[in-house]
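Please read the structure below before turning to the comments.
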Amino acid sequence: MSIQVPIEGLVHSNDTFEVDDSSVNRRGIAHVLISSTYISGRIKELAKRIVADAAAGGVSQLDFVIVLKGAAMFGNVLAQAVWAAGGPPIRFNYVKAASYGMDMTSSGEVAVQSDFLTEGVGSEMILLIEDIIDSGLTIFRLKDRLTEKVDPEAIKICTLLDKPSRRQEELKDVEPDYTGFIIPDIFVAGFGLDCAECLRELPFVAALREEEFHSDA
Ligand code: IMP
Ligand code: MG
């Protein structure tokens, strides 16, 4: 089941971190789009599904391939939730890939910096973990690279956020296996996602003020 986030957001009144308006309305943040309580609840649900699927497939070893930098926070919290849900042991791999430069338009080029293909990831169940899927280029190019070595059936794509309305035409039919939230076509930051390398530390996902969308204008 997917969770569709409206433009005004999902904010929980009992949030993990109390954030008042003055602290939110700093550094280009327009409003909280998905509060930390929603995020941690959803990560637990995803973890339970992953653990159930791993058990059904007789998987004894999970391999996380976490896409840096944006998915570092999500991947690490997800790993803890998988442990708490009784999942199999996890091996961590990190891959640096970027299709966005310092601005907010996809360059179309996906640079991959990692030895993950030669270091060898396992072959039972590999979770390719992203912060957000936008055009789809980064994650599906990475998956292609991985299928040079591993059975594609074993590779699952897991993303915290998805903007399906932005998907490239030829990638329209490809869906992630595990999605945290489907968001509208707006630029967001927080929980690992950046805006020109800032705001990754926010415990929530924020919608940015309009002028931040056009910072390169
Ligand atoms: P894609 O290759 O077009 O799917 O782009 C995915 C990458 O673009 C993600 O890993 C993010 O780094 C970045 N990205 C896309 N949308 C956003 C956003 O709203 N906020 C921050 N980063 C984004
Ligand atoms: Mg990224």
Side-chain angles (χ1 to χ4, degrees), residues 1-51 64 66-82 84-85 99-100 104 106 127-136 138-139 156-167 175-215:
M1 190 200 68
S2 58
I3 296 183
Q4 203 96 30
V5 179
I7 195 97
E8 63 274 17
L10 295 173
V11 183
H12 201 279
S13 56
N14 268 331
D15 216 354
T16 323
F17 294 88
E18 279 184 27
V19 279
D20 57 29
D21 284 351
S22 64
S23 64
V24 168
N25 293 329
R26 282 188 294 150
R27 296 171 58 196
I29 300 170
H31 63 270
V32 177
L33 188 72
I34 313 170
S35 67
S36 54
T37 307
Y38 272 107
I39 296 172
S40 45
R42 186 64 179 149
I43 290 177
K44 282 184 199 154
E45 287 174 6
L46 292 181
K48 282 187 189 147
R49 275 186 46 213
I50 290 165
V51 170
F64 274 30
I66 298 173
V67 184
L68 295 176
K69 302 173 191 172
M73 197 177 289
F74 171 50
N76 294 340
V77 175
L78 181 67
Q80 295 177 349
V82 165
S99 75
Y100 274 40
M104 295 176 194
S106 189
L127 280 182
L128 215 41
I129 300 176
E130 251 295 26
D131 51 357
I132 186 164
I133 301 181
D134 182 285
S135 70
T138 309
I139 203 69
K156 308 285 176 208
I157 293 173
C158 178
T159 187
L160 177 63
L161 306 175
D162 191 9
K163 283 186 206 169
S165 59
R166 302 250 318 156
R167 198 76 87 249
E175 268 198 45
D177 300 278
Y178 306 98
T179 303
F181 302 92
I182 293 178
I183 63 164
D185 181 13
I186 54 168
F187 199 83
V188 297
F191 210 83
L193 289 97
D194 73 308
C195 175
E197 289 300 328
C198 292
L199 300 173
R200 293 191 196 276
E201 69 272 33
L202 300 179
F204 50 85
V205 172
L208 301 187
R209 281 206 294 269
E210 189 67 17
E211 59 268 28
E212 301 296 319
F213 288 47
H214 307 292
S215 62

Please examine the side chains of Leu161 and Leu193, heavy atoms only from C-beta on, and report whether any two atoms are closer than 4.5 Å.
yes
Asn76: what forms a side-chain hydrogen bond (donor to acceptor under 3.5 Å, both in side chains) with it, not counting sequence neighbours?
Tyr94
Heavy atoms of Ser35 and Phe204 approach each other most closely as CA-CB, 4.0 Å
Just jot down the ring pair (Phe, Tyr, Trp, His ring centres under 6.0 Å) partners of Tyr178, sequence neighbours excluded, or say none.
none
Evaluate Val32 against Tyr38 for side-chain contact (heavy atoms from CB on, under 4.5 Å), listing each step before the verdict.
CA-CA 11 Å; Val32 177; Tyr38 272 107; over 6 Å; no
Near Lys156 NZ, under 6.0 Å, is it more than 12 heavy atoms from other residues, nucleotides or ligands?
yes
Grab the two heavy atoms, one from Ala71 and one from Ile66, that are nearest each other, plus how far apart they are.
O-CG2, 3.4 Å
I'd like to check Phe191 versus Val205 (side-chain heavy atoms, cut-off strictly below 4.5 Å). Are they in contact?
yes
Salt bridge Arg167-Asp162, side-chain N to carboxylate O under 4.0 Å
yes
Closest non-hydrogen atom pair between Ile29 and Arg209, with its separation:
O-NH1, 3.4 Å
If I take atom CD1 from residue Ile132 and atom CD1 from residue Ile139, how far apart are they, to the nearest 0.5 angstrom?
12.0 Å
Heavy-atom donor-acceptor pair, Thr179 side chain to Phe181 backbone, under 3.5 Å
no
Any idea which heavy atoms bring Gly180 and Ile3 closest together, and the distance?
O-CB, 4.0 Å
Strictly distance-based, threshold 3.5 Å: is any side-chain N or O of Lys163 a donor or acceptor partner for the main-chain N or O of Ile186?
yes
Pairwise side-chain contact, Leu208 with Cys195, heavy-atom cut-off 4.5 Å (strictly under):
yes
Measure the spacing between OG1 of Thr159 and CD1 of Ile182 and express it to the nearest 0.5 Å.
10.5 Å
Side-chain (Asp177) to main-chain (Ile157) donor-acceptor, under 3.5 angstrom
yes
Using side chain to side chain contact (heavy atoms under 4.5 Å, CB included) as the criterion, list what pairs up with Pro203, not counting sequence neighbours.
Phe17, Ser36
Got a second to check how far Ile50's CD1 is from Cys158's SG, nearest 0.5 Å?
4.5 Å
Test side-chain hydrogen bond (donor to acceptor under 3.5 Å, both in side chains) applied to Glu201 - qualifying residues, sequence neighbours left out
Arg27
Please report the closest heavy-atom contact between Glu197 and Lys69, naming both atoms and the distance.
OE1-NZ, 3.1 Å
Mind running side-chain contact (heavy atoms from CB on, under 4.5 Å) on Val188 and Ile34 for me, showing each step along the way?
CA-CA 10 Å; Val188 297; Ile34 313 170; over 6 Å; no
CG-CG distance between Asp194 and Leu202, expressed to the nearest 0.5 angstrom
11.0 Å
Sorted by chain and residue number, the salt bridge (charged side-chain N to carboxylate O under 4.0 Å, His left out) partners of Glu45 (sequence neighbours excluded) come out as Arg42
Looking at Ile129 and Phe64, what are the two nearest heavy atoms and their distance?
CD1-CD2, 3.2 Å
Give every residue pair that meets the salt bridge (charged side-chain N to carboxylate O under 4.0 Å, His left out) criterion with at least one member in residues 28-40, sequence neighbours excluded.
none
